[in-house]
Amino acid sequence: MRRLRRQRASGGQAIVEMALLFPILIALVFNFIAIMLQVVAAAELQSAMSLAASSAIQADLGSSQGVVLAQEAFNATFKQGLTQAAPYIVSVSALKCTGDYLQGIETSNPSQPVSCTVTVVENFANARIPFIFWKPTLTVTAVAYPPPVRYCGGGAC
Amino acid sequence: MARHLNAAVAPRRSRRRNGGQAMVEFSIVFLLFLVCLLATIQAGFWALDNMAAVTAVENGTRIAALPLQPSEGGNPASETPAGATGVDAKVVSELRAGMVSTPVVVWNMQWDAQMPQQIGGPAATGCPTSETWVLWAEADGLIPATGAAVAICSTYFPSGSTMAIADCPQSATGCVQVVVVGYARLLVTTSIVVLGLGQHCVLALPHLGMRGASGQFCTQGFPIFDEATVPAETYTQ
């Protein structure tokens with residue numbers, strides 16, 4: 001009688017254990033997927049920033065066009081390339097580019113780069129992925145070095 | 001006597017029943033575990049494919065933004081602008097190396113030029129969107145039947161061009177755009193599609209003369225889309 005009760009008690013034990021563990025397993029899988037999404041978004045953001053910084057130095061020394069080109073290259077690359085398919089990106093800050101070159105300061109020091117920074121806030125709750133509630137913030141900076149023909153005003157330094 | 005016999009046989013029978021029950025439970029549990037494992041691996045592969053696309057697009061854009069060299073038909077005197085042509089060939093090997101089992105094709109620009117007229121859409125804007133990709137994947141015999149492949153495409157928009165896209169940086173030299181679009185190959189196509197994941201359908205118009213013209217055409221795979229647009233460079237700018 002006791003053996004029969006033990007057998008009945010152990011019957012379905014694996015199912016009960018799995019029912020307890022399955023939500024944890026699913027949460028792990030979805031968190032892994034969310035991490036993958038974040039890694040891809042970070043790579044895309046870094047790439048867009050790098051191209052934006054490179055675009056900024058295509059304008060002439062001290063021209064305000066540099067920031068405009070950087071912003072447009074960033075918009076066309078990051079916003080078009082990613083955010084249309086990524087509802088988890090909730091806000092993208094304004095692009096900030098600084099550097100002597102953009103201010104029109106002629107320098108003979110080629111190590112003075114143009115630096116661009118942007119901050120993106122993500123919310124995975126918007127991505128309709130269950131069990132994910134984090135809101136990571138990514139801040140990315142990229143630099144570009146103007147070629148000598150630019151920072152020396154076209155002349156030899 | 002019969003009671004003795006029953007007492008001897010009953011534990012053996014219940015042991016056999018227990019064995020079968022454990023097997024059924026194990027198969028259910030193992031199936032669920034397998035689905036989770038495959039989903040994790042698929043997400044990893046998708047991320048790898050996406051990273052390869054991001055790298056290829058960035059490198060392709062940098063190459064495309066440079067002016068054509070004289071050996072490639074460029075002319076410094078006339079400020080021949082960016083050399084978007086031939087970029088695909090330069091970047092496609094890098095893209096192929098990075099993709100995990102997803103085929104890579106070069107976008108057929110001639111076909112693309114006919115496409116907007118066929119579907120009655122706006123003027124050609126160069127590289128494809130995800131939807132035009134699906135239509136093209138269906139029409140072009142080179143794409144696998146599953147539609148799981150990515151295409152690389154690069155376009156040069158001269159300054160003031162009527163074909164210039166809205167986001168083209170307002171550079172006096174025009175801009176170049178590089179796009180990688182398509183769908184990553186699925187690890188287990190049938191099981192994932194049965195679950196309704198990874199399937200993307202567009203309405204195939206009858207006059208396109210495509211397969212599935214009477215209804216929707218579907219492709220299978222997780223989407224990959226990456227695009228970059230930068231101002232073109234010339235010899236002096």
Side-chain angles (χ1 to χ4, degrees), chain A residues 3-4 7-8 10-19 21-22 25-26 28-48 50-52 54-56 58-60 65 68-82 84-86 149-150 154, chain B residues 10-11 14-15 17-18 21-22 24-26 28-29 32-33 35-40 42-51 53-55 57-59 61-62 65 129-130 165-173 175 177-180 223-234 236-237:
Chain A
R3 194 189 300 157
L4 196 68
Q7 278 166 5
R8 219 177 279 159
S10 69
Q13 190 183 341
I15 293 287
V16 173
E17 284 170 357
M18 190 60 193
L21 284 175
F22 192 64
L25 193 64
I26 286 287
L28 280 173
V29 170
F30 282 123
N31 273 282
F32 182 81
I33 291 170
I35 290 169
M36 290 295 110
L37 288 174
Q38 194 177 334
V39 166
V40 169
E44 171 75 18
L45 185 59
Q46 184 66 58
S47 172
S50 181
L51 290 172
S54 300
S55 299
Q58 286 190 36
D60 292 334
Q65 185 73 1
V68 175
L69 287 178
Q71 183 70 58
E72 286 178 342
F74 176 76
N75 287 349
T77 302
F78 184 69
K79 290 192 174 171
Q80 292 295 315
L82 185 69
Q84 65 174 2
V149 68
R150 301 263 172 77
Chain B
S14 85
R15 216 177 299 138
R17 199 185 308 140
N18 275 354
Q21 189 181 346
V24 171
E25 285 174 356
F26 175 76
I28 294 169
V29 167
L32 291 174
F33 176 76
V35 168
C36 291
L37 184 72
L38 283 174
T40 312
Q42 180 74 65
F45 280 176
W46 174 82
L48 280 175
D49 281 357
N50 246 310
M51 301 281 267
V54 168
T55 311
V57 163
E58 186 183 341
N59 290 346
T61 312
R62 286 181 191 281
T129 61
S130 297
I165 52 171
D167 285 303
C168 184
Q170 298 302 307
S171 163
T173 53
C175 70
Q177 183 190 50
V178 177
V179 171
V180 170
I224 290 179
F225 183 82
D226 195 52
E227 153 186 333
T229 310
V230 295
E233 293 181 42
T234 58
T236 53
Q237 192 175 25

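Letters A, B, ... mirror the listed sequences (proteins, then strands); counts begin at 1.
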Trainee: Roughly how far, to the nearest 0.5 Å, is CG of A:L37 from CH2 of B:W46?
Mentor: 5.0 Å

Trainee: Heavy-atom distance under 4.5 Å between the side chains of A:S50 and B:R62, does that happen here?
Mentor: yes

Trainee: Can you tell me how far the CE atom of A:M36 sits from the CZ atom of B:F45, to the nearest 0.5 Å?
Mentor: 11.5 Å

Trainee: Can you say whether B:T40 sits under 4.5 Å from chain A via the side chain, the backbone, both, or neither, judging by heavy atoms?
Mentor: both

Trainee: Could you report the tightest heavy-atom contact between B:A228 and A:T77, atom names first, then the distance?
Mentor: CA-OG1, 3.4 Å

Trainee: What distance do B:D226 atom CG and A:F78 atom CZ have between them, rounded to the nearest 0.5 Å?
Mentor: 10.5 Å

Trainee: Identify the heavy atoms of A:A43 and B:V54 that sit nearest to each other, and give their distance.
Mentor: O-CG1, 3.7 Å

Trainee: Which answer fits A:S47, side chain, backbone, both or neither, if we ask what part of it has an atom under 4.5 Å from a heavy atom of chain B?
Mentor: both

Trainee: Can you see which heavy atom on B:E227 is nearest to which on A:E44, and at what distance?
Mentor: O-OE2, 4.2 Å

Trainee: Between the side chain of B:T229 and the main-chain N/O of A:A73, is any donor-acceptor distance below 3.5 Å?
Mentor: no

Trainee: Let me confirm one number: the CD-CG distance from B:E58 to A:L51, rounded to the nearest 0.5 Å.
Mentor: 5.0 Å

Trainee: Not counting sequence neighbours, which residues clear side chain to side chain contact (heavy atoms under 4.5 Å, CB included) with A:F30? List them please.
Mentor: A:I26, A:I33, A:I129, A:P130, A:F131, A:I132

